[in-house]
There are 2 protein chains.
Amino acid sequence: MSSVELADLAGVNAANVRKDLSYLHAHGTRGVGYDVDHLITEISLVLGGDEPNPVIIMGVGNLGRALSSYDGFVAGGFPVAGLVDADPTVVGRRIAGKVVRAVDDLEALVTETGSTVGIVATPAHAAQEAANRLVAAGIRSILNFAPAVVVVPGQVDLRQVDLATELQILGYHQHRRSDADPIMSRVAG
Amino acid sequence: MSSVELADLAGVNAANVRKDLSYLHAHGTRGVGYDVDHLITEISLVLGGDEPNPVIIMGVGNLGRALSSYDGFVAGGFPVAGLVDADPTVVGRRIAGKVVRAVDDLEALVTETGSTVGIVATPAHAAQEAANRLVAAGIRSILNFAPAVVVVPGQVDLRQVDLATELQILGYHQHRRSDADPIMSRVAG
DNA sequence: AGATGTGAAGCGGTTCACAGCT
DNA sequence: AGCTGTGAACCGCTTCACATCT
């Protein structure tokens with residue numbers, strides 16, 4: 001399969017595909033293209049591939065519940081290993097086949113499941129505390145969905161997913177399209 | 001308030017704050033700082049601020065349901081105006097205070113609510129069709145949560161939020177940390 | 001003194017364009 | 001002839017550093 005075909009399927013530029021694959025030492029054959037099986041093994045090796053990374057979800061509100069039954073996680077090698085919530089009335093409940101554990105159980109949960117990744121799906125005001133707990137329990141990779149600035153120690157990898165911001169960006173572009181381009185005209189003027 | 005204070009609160013660099021604000025013509029006073037009220041009005045003006053952008057959510061699975069009761073949307077000026085699903089058994093049901101409408105109702109729904117933004121929260125295989133319907137109904141800004149490549153006409157603004165990819169990135173960094181840095185050592189070697 | 005506003009440099013990533021291999 | 005591999009240009013954004021203003 002050629003880099004052009006791969007690029008079309010992924011919706012990106014062909015040169016980009018070639019450059020990225022060459023970084024991975026997933027080489028193709030000139031005049032021919034790439035061997036797909038080879039790509040699969042090489043890419044999954046680089047991505048950590050074989051061993052799954054179990055994840056812990058902090059907060060089982062609407063978003064936490066949605067995430068706990070999100071198929072894409074399992075498929076991507078990130079099975080949901082545990083659910084944790086601060087609300088004692090939901091602790092012990094069964095959600096998506098898993099019993100919700102108390103925050104004080106977190107450390108034990110991490111150890112017994114070998115979890116490596118934490119997802120913060122709490123309200124904004126509880127996000128920092130949730131992240132602190134995850135870090136204290138030994139988690140070093142955190143995905144934060146709460147719309148809050150969370151600070152973590154340097155060795156912890158934190159990624160932010162802000163749903164409202166995504167919409168804000170769309171709204172901004174739209175505003176720009178309809179309006180007579182207020183910013184650039186002001187900058188230009 | 002100084003650019004340093006603002007930057008700390010937002011978790012970004014101070015020079016960046018100053019540069020961005022100067023683009024918006026939200027100027028401060030040298031030696032003093034920025035007038036916060038002025039910043040609020042100026043920023044909300046640029047962001048489209050005053051008039052809300054109602055959104056339509058396509059697909060009321062777990063994720064769609066979570067999104068339909070996500071407070072951040074309303075707070076950010078993106079009230080959920082309608083829910084749509086292809087499954088006739090959920091059409092007519094009430095979710096988060098809204099009645100789920102059929103796909104064929106989409107165009108009417110967009111008109112009657114004045115919606116401008118669409119969210120695709122369907123399974124991957126239905127994402128392209130959902131996007132097509134939104135475009136046909138006049139929506140020009142789409143936020144896609146389905147893990148699928150979706151193509152839209154040039155005038156439509158499409159943003160992709162791929163939850164599994166976010167985890168993949170975390171997992172990759174983690175893999176790199178623990179491992180003896182396979183890629184770079186191979187590149188170097 | 002203290003903070004802004006902004007050229008200039010730096011950086012990661014993308015795209016072009018074409019030499020080089022099969 | 002076709003497709004890869006990659007130097008070079010490009011792009012948007014971030015950060016530095018400092019002249020400038022109150």
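Residue numbers start from 1 in every chain, and the chains themselves are labelled A, B, ... in the order their sequence lines are given, proteins ahead of strands.
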May I ask you to evaluate whether B/S2 reaches the phosphate of C/dA3, defined as a side-chain N or O under 4.0 Å from OP1 or OP2?
no
Nearest-nucleotide check on DNA chain C, A/V32 vs B/A15; residue mapping nearer the 5' end is B/A15
According to a strict under-4.0 Å criterion, is B/N16 in side-chain N/O contact with OP1 or OP2 of D/dT14?
yes
Is there a side-chain contact between B/Y23 and the phosphate of D/dC13, meaning an N or O under 4.0 Å from OP1 or OP2?
no
Distance in angstrom units between B/E5 CD and C/dA3 C1', rounded:
11 Å
Assert: residue with more 5' nearest nucleotide on DNA chain C, out of B/M1 and A/V12, is B/M1
C/dT4 OP1/OP2 closer than 4.0 Å to side-chain N/O of B/S3
yes
Between C/dT4, D/dC3, C/dA17, which nucleotide has the shortest distance from any of its atoms to the side chain of A/R30?
D/dC3
Taken to the nearest whole Å, NE2/B/H173 to P/C/dG12 is 12 Å
Distance in angstrom units between B/H38 NE2 and C/dT4 P, rounded:
14 Å
Specify the separation, in whole Å, of atom CG of B/N13 and atom C1' of D/dC13.
11 Å
Using modelled atom types only, decide if a donor and an acceptor are shared between the side chain of A/Q174 and the backbone of B/N53 within a distance under 3.5 Å.
no
Close side-chain approach of B/I57 and B/V120, heavy atoms under 4.5 Å
no
Closest heavy-atom pair and its distance - A/H175, B/E51:
ND1-OE2, 4.5 Å
Whole-Å distance, B/I169 CD1 to C/dG12 P, equals 16 Å
Side chain of A/Y34 - closest among C/dG5, D/dT4, D/dT6:
D/dT4
Check whether any side-chain N or O of A/T29 sits under 4.0 Å from OP1 or OP2 of D/dT4, and answer yes or no.
no
Minimum-distance nucleotide (side-chain atoms of B/K19 versus C/dA3, C/dT6, C/dC21):
C/dT6
Protein-nucleotide distance (A/D20, atom CG; C/dT14, atom P), rounded to Å:
7 Å
So A/V161 and A/L143, do their side chains get closer than 4.5 Å, heavy atoms only?
yes
Taking B/V55 as the starting point, is it possible to reach B/I139 by hopping between hydrophobic residues whose side chains are less than 4.5 Å apart?
no
I need the CZ-P distance between A/R18 and C/dA19, as an integer number of Å.
15 Å
B/L39 atom CG is separated from C/dT4 atom P, nearest whole Å, by 10 Å
Just N and O in the side chain of A/H27: are any of them under 4.0 Å from OP1 or OP2 of D/dT4?
no
